[in-house]
Amino acid sequence: SARSVYFDQIRRLQLVDAEDARTDPRTRDLGAYLESLNIGAILDAPVCRKGRPVGVLCHEQVGAARQWNEADQAFALAVSQAVAASLESRARLLSEEAERQARFLSAIARDLAEPLDLEKTGELATRRALPILGDIVTLDLYEAGVRRFRATAHSTAERQRLGEEWKRRHPRTMDSQTLIARAIRQNQSVFLPTMTSEALATFDLPGVSEMLTMFGIRSAMAVPLQIRGRLTGGLSFFNA
């Protein structure tokens, strides 16, 4: 609101091509900002979605004034339109993802409407999470520090077979440095956006490197699970 002239231009989706930003009536109210970075000229293009500005793409000339020619202005507008197209595409993807998750929750609620035993509930929950939340989903439930139940679902039958074989060779306990065990001990989500060598080193467990390579895991997340206010277990999700 204190920069009404400048932002009025942006709101009207106008290109701000100030050759001398410190004297141009559209940008001189930005004086403190211009002085702090020694900016002499500004070429700012609004970024729009659905006919409304959602951001500004700023090109700033440090030092002396600068004349922005038609090619400069066309380039600024083209880039701002490319950014707007990217935002629109991202919004569509987020909308589609939200719809998939809504369908997932709806299906889970419908399936769990009937009373089920623990084993069937666990298998259903992990199976339904594929592939919305991951390519491999594991549910662990503990009681007095001892694993009471585990369910794992894989995106393919072959992955399921390999996973069962790997688990037999590398059994885990609640004291292990697994993602789920860590989430339970810390009582908070654990997120590994990329499987770097540093992230891999935090596991410090035999067989983990083999498992990540075998399934091509790229990212992972684990969340603690509470039942009736009591920390009872956790869920892990691995994406390939």
Side-chain angles (χ1 to χ4, degrees), residues 90 93-109 111-112 116 118-143 145-227 231-240:
R90 180 174 180 271
L93 289 173
L94 290 174
S95 176
E96 291 167 2
E97 180 65 21
E99 186 178 343
R100 282 196 296 271
Q101 291 181 355
R103 287 200 301 267
F104 163 68
L105 293 173
S106 175
I108 281 285
D111 289 339
L112 296 183
L116 297 171
L118 176 62
E119 184 172 337
K120 287 182 179 178
T121 301
E123 290 175 355
L124 178 64
T126 53
R127 201 166 56 244
R128 280 291 190 183
L130 298 173
I132 301 296
L133 298 176
D135 298 296
I136 304 173
V137 181
T138 297
L139 166 68
D140 277 0
L141 297 179
Y142 290 88
E143 192 168 328
V146 178
R147 182 188 292 148
R148 179 185 174 199
F149 175 76
R150 160 173 274 201
T152 302
H154 291 256
S155 55
T156 66
E158 178 61 13
R159 282 174 174 264
Q160 188 79 30
R161 184 188 67 78
L162 292 172
E164 294 299 329
E165 180 183 319
W166 181 86
K167 280 191 297 183
R168 281 194 295 271
R169 287 187 281 113
H170 302 286
R172 299 289 187 250
T173 68
M174 195 168 176
D175 295 327
S176 300
Q177 290 300 315
T178 63
L179 215 57
I180 283 183
R182 198 179 311 168
I184 294 172
R185 285 197 299 273
Q186 298 174 3
N187 194 18
Q188 66 180 15
S189 299
V190 178
F191 181 45
L192 300 177
T194 55
M195 279 299 175
T196 61
S197 56
E198 291 80 5
L200 184 58
T202 64
F203 285 99
D204 193 25
L205 284 169
V208 169
S209 180
E210 173 197 350
M211 186 266 286
L212 297 178
T213 302
M214 181 167 59
F215 294 115
I217 302 300
R218 294 181 292 110
S219 62
M221 177 177 69
V223 295
L225 179 65
Q226 292 193 10
I227 298 177
L231 188 60
T232 309
L235 279 158
S236 67
F237 310 94
F238 293 87
N239 288 289

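This one's a predicted model, so the numbers in the text were calculated from it and none came from an experiment.
Under the salt bridge (Lys or Arg N to Asp or Glu O under 4.0 Å) criterion, R218 pairs with no residue at all, not counting sequence neighbours. In this structure L225 satisfies the side chain to side chain contact (heavy atoms under 4.5 Å, CB included) test together with L139, L141, sequence neighbours excluded. Looking at residues two or more places apart in sequence or on another chain, you find a side chain to side chain donor-acceptor pair (under 3.5 Å) between T138 and T152. S189 pairs by the side chain to side chain contact (heavy atoms under 4.5 Å, CB included) definition with V223, P224, not counting sequence neighbours. Applying the side chain to side chain contact (heavy atoms under 4.5 Å, CB included) rule to Q188 yields the partners Q186; only residues at least two apart in sequence or on another chain are considered.
Here CD1 of I136 is found 4.0 Å from CD1 of I217. Values are rounded to the nearest 0.5 Å.
The two residues G134 and N239 come nearest to each other via the heavy atoms CA-OD1, 3.2 Å.
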